[in-house]
Protein chains: 2
Amino acid sequence: MTNLTIGEVAKRANLPAKTIRYYEDIGLITPLRDSNGYRVFRESDFHKLTFLGRARALGFTIEDCRTLLALYEDDSRASADVKAIAQKHLTEIEAKITDLQAMHATLSDLSQKCCGDARPDCPILEGLSGQTN
Amino acid sequence: MTNLTIGEVAKRANLPAKTIRYYEDIGLITPLRDSNGYRVFRESDFHKLTFLGRARALGFTIEDCRTLLALYEDDSRASADVKAIAQKHLTEIEAKITDLQAMHATLSDLSQKCCGDARPDCPILEGLSGQTN
DNA sequence: CTTGACCTTCCCCCAACTGGAACCTTGACA
DNA sequence: TGTCAAGGTTCCAGTTGGGGGAAGGTCAAG
């Protein structure tokens, strides 16, 4: 249960093996190696991988994940440092949502005006071409 | 007013010159060339660029832009073809918004529980590490 | 002894640009 | 005429976060 191959840890952490190799490549994890060259994943590696999986699923960048992981490992961290990263990310998420909502509003507006039949008249194309009509 | 250099058309279309060169590279526009090798942009090139700028601002992929531009140029198009692309894109935007809202909900939940002071106790890290607490 | 399922490294590919190097052209000014 | 800055040109590399696939090593089962 403690030492896993990449395939086993991939299943348990629910991450592609490719992704795990990539995370080692960029220094997020450092699994041991067996005499045959195979990676050996300890519990601690598995925990880091699940941590990374969740953080990525929440949209944190790899660099944020690196920082969060370091804070996670640091018993003397200040929770303020973690919260600051989370708040910054929340702000970015809000900005993206706002952008997408604006796009959606504009495009659904144009789309509603387009009857979508066999004729060439198209308010969507007119809107894109800049006709104020 | 009709023939522009890349710098001039970049200003008017509000696009970086680099982006315009890239659009030529991938065949979205085909400006003429002067005897000195400089690109020469006609009105029609300018119109295509503003069209592309707007379509990209609405989040359409380059390939969607290529298709939309072809439809724009095609007088015998069916508006249904345009509308189909728009509707598909709207659905994708909606999916992204939903994803981001879910991330936001989870993360703001965790963040609210974190007092964010100098102490190490941090519900955000606990949440990321998978503690059901 | 071979087969199939693993594992390894390596390199290229994706979107949609952006930055920078090295070099050419043009117009203005001394 | 020399030169300088501000344009233009091409080409190459890097970005994010991996994915696809080749070429080859390893291991357990039959």
Side-chain angles (χ1 to χ4, degrees), chain A residues 3-42 45 48-49 51-69 89 92-93 96 99-100 103, chain B residues 3-42 45 48-49 51-69 85 88-89 92-93 96 99-100 103:
Chain A
N3 281 357
L4 304 168
T5 64
I6 198 169
E8 288 161 345
V9 82
K11 254 177 240 161
R12 297 189 199 206
N14 203 28
L15 287 172
K18 276 271 189 188
T19 299
I20 296 173
R21 289 195 192 97
Y22 174 66
Y23 288 171
E24 182 187 11
D25 237 44
I26 63 175
L28 286 178
I29 53 167
T30 312
L32 303 174
R33 293 293 177 137
D34 208 342
S35 54
N36 57 14
Y38 285 21
R39 289 172 183 81
V40 173
F41 295 84
R42 295 152 288 182
D45 297 314
K48 287 192 198 176
L49 287 171
F51 183 98
L52 289 168
R54 281 179 233 256
R56 292 286 301 131
L58 288 178
F60 284 107
T61 65
I62 290 284
E63 287 318 304
D64 277 348
C65 287
R66 193 189 299 281
T67 308
L68 289 170
L69 203 48
H89 185 43
E92 288 163 1
I93 291 175
K96 281 188 192 169
D99 276 9
L100 286 169
M103 289 181 195
Chain B
N3 279 357
L4 304 168
T5 63
I6 197 167
E8 289 161 344
V9 82
K11 255 176 235 159
R12 298 190 198 204
N14 202 28
L15 286 172
K18 276 270 187 187
T19 299
I20 296 172
R21 290 195 192 96
Y22 174 66
Y23 287 171
E24 182 188 11
D25 238 44
I26 62 174
L28 286 178
I29 54 167
T30 312
L32 302 175
R33 293 292 177 138
D34 208 343
S35 55
N36 58 12
Y38 286 20
R39 289 172 182 81
V40 173
F41 294 85
R42 295 152 289 181
D45 296 315
K48 287 192 198 178
L49 286 171
F51 183 97
L52 289 169
R54 280 180 236 256
R56 291 287 302 132
L58 288 179
F60 284 107
T61 65
I62 291 284
E63 286 318 303
D64 277 347
C65 288
R66 193 189 301 278
T67 307
L68 288 170
L69 204 49
I85 296 173
K88 181 166 149 290
H89 185 42
E92 288 163 1
I93 291 175
K96 282 187 193 171
D99 276 8
L100 287 168
M103 289 181 196

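Note that this is a predicted model, so its numbers are computed, not measured. For the numbers below, each heavy atom of this structure counts, side chains included, while hydrogens, waters and symmetry mates do not. Here is how names work: the chains are called A, B, and so on, in the same order as the sequence lines, proteins then strands, and each is numbered from 1.
Side-chain proximity of Arg21(B) to the nucleotides dT9(D), dG8(D), dG18(D) is greatest for dT9(D).
Looking only at side-chain heavy atoms (C-beta outward), Arg42(A) and Asn3(A) come within less than 4.5 Å of each other. Contact of the Arg12(A) side chain with the Phe41(A) side chain is not registered, since no non-hydrogen atoms from C-beta on lie closer than 4.5 Å. Taking 4.5 Å as the limit, every side-chain heavy atom of Ile85(B) sits out of range of all side-chain heavy atoms of Lys88(B).
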Full working for salt bridge (charged side-chain N to carboxylate O under 4.0 Å, His left out) between Glu63(A) and Arg66(A): CA-CA 5 Å; Glu63(A) 287 318 304; Arg66(A) 193 189 299 281; 3.0 Å; yes

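No hydrogens or angles were tested; on distance alone, a donor-acceptor pair under 3.5 Å links the side chain of Lys18(A) to the base of dG21(D). In the interface, the side chain of Tyr38(A) is paired with the base of dG25(D) through a donor and an acceptor atom under 3.5 Å apart.
Within the nucleic acid shown, Ile26(A) has no heavy atom closer than 4.0 Å to any nucleic acid atom.
Take the nearest nucleotide of DNA chain C for Thr61(B) and for Ser35(B): the residue whose nucleotide is more 5' is Thr61(B). Of the two residues near DNA chain C, Asn36(B) and Phe60(B), the one whose nearest nucleotide lies more 5' is Phe60(B). A residue-by-residue look at Lys11(B) and Arg39(B) shows that Lys11(B) has its nearest nucleotide of DNA chain D further toward the 5' end.
If you take CG of Leu49(A) and C1' of dG17(D), they are 15 Å apart, rounded to a whole angstrom. Atom CD in Glu8(B) sits about 8 Å away from atom P in dG8(D), given to the nearest Å. Going from atom CD of Glu24(B) over to atom P of dG8(D) covers 14 Å, rounded to whole Å. As a whole-Å value, the separation of Arg56(A) CZ from dG19(D) P is 10 Å. As rounded to whole Å, 11 Å separates atom P of dG19(D) from atom CD1 of Ile20(A). Atoms OH (Tyr23(A)) and C1' (dG18(D)) sit 8 Å apart, rounded to a whole Å. Remark: C1' of dG25(D) and CD1 of Ile6(A) are 16 Å apart, rounded to the nearest angstrom.
Here the options are Lys18(A), Lys48(A), Arg39(A), the test is salt bridge (charged side-chain N to carboxylate O under 4.0 Å, His left out), and the partner is Glu24(A); only Arg39(A) passes.
Of the possible polar contacts, one joining the Glu8(A) side chain to the Thr5(A) backbone as a donor-acceptor pair under 3.5 Å is found. Proximity of a side-chain donor or acceptor of His89(A) to a complementary backbone N or O of Asp64(A) within less than 3.5 Å is not detected.
Close approach of DNA chain C to chain B, defined as any atom under 4.0 Å from a non-hydrogen atom of the protein, starts and stops at dA16(C) to dT26(C).
OP1 or OP2 of dT10(D) has at least one side-chain nitrogen or oxygen of Arg33(B) nearer than 4.0 Å.
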